[in-house]
Amino acid sequence: MFIKRLVLILLFLLAPIAALASSDAAHPVSPEQALQMLSEGNLRFSLGQSTHPNTSFSRRLVTTTDGQAPFATVIACSDSRVPVEILFDQGVGDLFVIKVAGNVADTDEIGSAEYGVDHLGTPVLMVLGHTYCGAVTAVTTGAEVHGSIPKLVDNIVPAVEKAKHEHPGAEQAELINAAIEANVWQSVDDIMTKSHAIAERAAAGKVVVVGAIYDILTGKVRIIERAEAAPAAAHAAPEAHAEAAATGKETAAHDDKAPAEKHAEPAKAEKKAEEHAAPAAKDAAHDEKAAAHAEEGSSGGGFGFFSFVIFVLLLIGAVFILDKKVLNPEEK
């Protein structure tokens with residue numbers, strides 16, 4: 001009798017512990033490592049040296065049985081020329097991707113980002129804009145749009161107005177590029193002002209929020225910095241934010257002050273791309289480091305699944321003992 005009661009007590013004590021054990025576990029990849037993995041993967045892609053990691057059956061099996069543990073949440077444009085996992089040379093379960101025209105951040109996108117950041121615990125949240133963005137171009141040039149598109153692109157309007165205000169008299173191509181970058185920061189600000197969960201995790205140093213631009217011609221992603229201090233709601237972000245962003249920029253080997261013409265004139269962008277072919281000799285070392293990080297990242301996320309199984313088994317055991325000892329004490 002004493003042993004059975006002891007077992008019952010242990011079941012009730014262990015069940016909530018097992019359920020809570022994986023609720024807020026630290027991600028095995030740090031924000032700095034995650035940004036480095038993104039930068040190195042993009043470098044491989046842009047140089048035509050993609051390794052296509054984590055695409056095997058064993059990877060699919062692991063992510064099915066152990067659950068997903070992506071190391072970055074990315075809000076990107078729906079444009080077919082922006083294949084997020086491919087341009088970062090990542091595989092199954094590596095990135096939590098949210099795609100929407102104009103990479104805007106409205107209710108659906110913010111809720112999805114909260115799932116990636118707050119529930120899955122990704123250490124990086126990136127808003128990824130891109131050159132030649134049709135949605136931003138349409139708003140900038142005043143193109144006529146129909147159906148549900150006006151309600152979609154109304155999130156882009158403030159960014160375009162800001163770009164026009166800051167670049168009076170700019171040529172259309174330059175203005176569009178400025179609006180593309182301003183639109184990335186508009187989405188970042190929308191996220192940070194409307195999502196308490198993400199803002200709190202940023203303030204606690206659990207996630208780094210960055211903006212970036214993908215050049216659809218060169219294949220390069222450039223992590224950007226805003227020219228002015230961001231609104232207060234977004235800037236409970238820790239010092240690690242700035243340090244990680246700087247690390248990502250250096251590793252990616254992109255110019256911080258790339259001219260607007262780079263995006264507007266493909267010929268110039270091609271010449272710029274050739275300049276980045278020089279570090280090809282260093283790629284082997286980069287690839288080895290990235291592979292090591294990817295291996296480390298893929299090992300996370302399994303504990304949640306098994307703790308859930310244990311929790312269910314414990315509950316079944318508790319119900320069985322209660323049935324035998326409490327509800328039917330005389331049954332033999």
Side-chain angles (χ1 to χ4, degrees), residues 38-39 42 45-46 74-84 87-88 97-106 109-110 113 125-143 145 149-150 152-192 209-228 230-231 234 245 248-249 252 254-270 272-273:
L38 290 173
S39 298
N42 177 244
F45 168 76
S46 64
V74 182
I75 297 181
C77 184
S78 298
D79 196 304
S80 61
R81 299 167 294 180
V82 187
V84 179
L87 66 88
F88 283 119
V97 180
I98 303 149
K99 298 199 77 179
V100 59
N103 46 271
V104 299
D106 216 329
E109 295 77 32
I110 293 174
L125 169 60
M126 174 183 285
V127 176
L128 181 64
H130 69 96
T131 58
Y132 302 97
C133 179
V136 176
T137 299
V139 177
T140 305
T141 59
V145 292
I149 298 178
L152 171 66
V153 299
D154 63 1
N155 294 71
I156 302 173
V157 173
V160 171
E161 294 302 320
K162 179 180 175 63
K164 289 180 178 179
H165 176 73
E166 294 179 350
H167 300 81
E171 295 292 329
Q172 182 171 285
E174 181 184 357
L175 182 59
I176 290 172
N177 291 321
I180 287 171
E181 186 164 324
N183 185 52
V184 168
W185 293 122
Q186 181 64 48
S187 293
V188 169
D189 291 342
D190 287 342
I191 292 167
M192 299 298 282
V209 183
V210 297
I213 303 291
Y214 170 62
D215 189 317
I216 66 171
L217 177 64
T218 67
K220 290 181 169 61
V221 172
R222 177 173 58 95
I223 294 179
I224 58 177
E225 291 182 350
R226 56 197 320 162
E228 77 232 14
K249 285 180 64 185
H254 300 322
D255 286 333
D256 294 339
K257 298 179 180 179
E261 290 83 356
K262 172 184 174 184
H263 303 314
E265 299 178 27
K268 290 187 178 180
E270 262 181 42
K272 197 71 178 175

Mark yes or no for whether [X], through its side chain, and [Y], through its backbone, hold a donor-acceptor pair below 3.5 Å.
X	Y	answer
S46	G219	no
E109	D106	yes
K220	I213	no
N103	K99	no
H167	A163	yes

Got a salt bridge between K162 and E181, using NZ or NE/NH1/NH2 to carboxylate O under 4.0 Å?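 Result for this pair is no, no salt bridge flagged.
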
So [Y] and [X], do their side chains get closer than 4.5 Å, heavy atoms only?
X	Y	result
L175	E171	no
L128	V221	yes
V139	E161	no

Shortest non-hydrogen contact from [X] to [Y]?
X	Y	value
I180	C133	CD1-N, 4.0 Å
C77	V82	O-CB, 4.3 Å
S78	A101	OG-N, 3.1 Å
I191	A105	CG1-CB, 3.6 Å

For D215 and H130, what are the C-alpha separation, side-chain angles and deciding distance, and is it a side-chain contact (heavy atoms from CB on, under 4.5 Å)? CA-CA 6 Å; D215 189 317; H130 69 96; over 6 Å; no

If you measure from [atom1] on [X] to [atom2] on [Y], what distance do you get to the nearest 0.5 Å?
X	Y	atom1	atom2	value
D190	M192	CG	CE	12.0 Å
D79	Y132	CG	OH	12.5 Å
T131	Y214	OG1	OH	8.0 Å

Please lay out, stage by stage, how W185 and I224 fare under the test side-chain contact (heavy atoms from CB on, under 4.5 Å). CA-CA 9 Å; W185 293 122; I224 58 177; 3.6 Å; yes

Verify side-chain contact (heavy atoms from CB on, under 4.5 Å) between Q186 and I156, making sure each step is shown before the conclusion. CA-CA 8 Å; Q186 181 64 48; I156 302 173; over 6 Å; no

Test log, rule side-chain contact (heavy atoms from CB on, under 4.5 Å), inputs V100 and L152: CA-CA 9 Å; V100 59; L152 171 66; 3.9 Å; yes

I75, N155, V136, V153 screened by side chain to side chain contact (heavy atoms under 4.5 Å, CB included) with V104, the one that passes: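 Per the side chain to side chain contact (heavy atoms under 4.5 Å, CB included) rule, the option paired with V104 is N155, out of I75, N155, V136, V153.
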
